[in-house]
Amino acid sequence: MTASASPVVFSRPLDEFEIKTVYLKGLFSTNSTTKKTPTQLREDIARVLQGDAIEFENYGAVFFCEYHPSIDKLEQGSDGAGEKSPQSMAITFEVHIVKVAVFGQFGVLFKRIQGDISVYKNLCSQILSQLDL
């Protein structure tokens, strides 16, 4: 996976046909939906992931991501109960651009693949707050 300080060049164009349509089941809020176009949303997601030093690969409407927290972040969150290594705190997750059927808006859907759930939830909140949806 690659994330660098340079602008992201997408290898595939974003085709609206590859964006999944989802139906509201309590999963979405105004924090995760937007009136932005899928292309704008994809550029914003890439910018935020790069800025947060999250490694990612983009395949159209899906970002496959890996996050490895720095030792500084681990020490700040340490309460002395069981030390955790950066390897054990690594998070693997996906970010999907989806169409919310009822509202005709687009949204961001996160899927955790592996890693600590509390670190994952904090990371998702951090990403959403930076997306300015």
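Not measured: the values here are computed from a predicted model.
If you take CD1 on I97 and CG on L41, they are separated by 4.5 Å, rounding to the nearest 0.5 Å. The distance from the CZ atom of F110 to the OG atom of S125 is 8.5 Å, given to the nearest 0.5 Å. With rounding to the nearest 0.5 angstrom, the CD atom of E55 is 11.0 Å from the CG atom of L49. Once rounded to the nearest 0.5 Å, the distance linking CG of L131 with CZ of R47 reads 7.0 Å. Between atom CD of residue Q130 and atom CG of residue D52 there is a gap of 4.0 Å, rounded to the nearest 0.5 Å.
The shortest distance between side-chain heavy atoms of S32 and L109 does not fall below 4.5 Å. Within the 4.5 Å cutoff, the side chain of L123 has heavy atoms near those of the I54 side chain. Counting heavy atoms from C-beta on, the side chains of Q105 and K36 never come closer than 4.5 Å.
Heavy atoms only, all atoms of each residue included: G60 and R42 are closest at O-CD, 3.3 Å. Here the closest non-hydrogen pair linking A53 and Y67 is O-CD1, 4.4 Å. Nearest heavy-atom pair, V95 versus V108, reported as atom, atom and distance to 0.1 Å: CG1-CG1, 3.5 Å. In terms of heavy atoms, V100 sits closest to G107 at CG2-N, 4.3 Å.
Residues F56 and F64 place their aromatic rings such that the two centres sit no closer than 6.0 Å.
Neither I113 nor I117 shares a network with the other; the hydrophobic side chains, linked directly or stepwise wherever heavy atoms of I, L, V, M, F, W or Y lie under 4.5 Å apart, form separate groups for each.
For Q40 (side chain) and T37 (main-chain N/O), a donor-acceptor pair under 3.5 Å exists by modelled atom type. Of the possible polar contacts, none joining the D116 side chain to the Y120 backbone as a donor-acceptor pair under 3.5 Å is found.
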| said: I'd like to know whether I45 forms a side chain to side chain contact (heavy atoms under 4.5 Å, CB included) with F63, so could you lay out the CA-CA distance, the side-chain angles of the two residues, the decisive distance to 0.1 Å, and finally the verdict. | reply: CA-CA 9 Å; I45 292 169; F63 289 82; 3.6 Å; yes
| side chain to side chain contact (heavy atoms under 4.5 Å, CB included) between F93 and I127, worked out | CA-CA 12 Å; F93 63 101; I127 292 169; 4.0 Å; yes
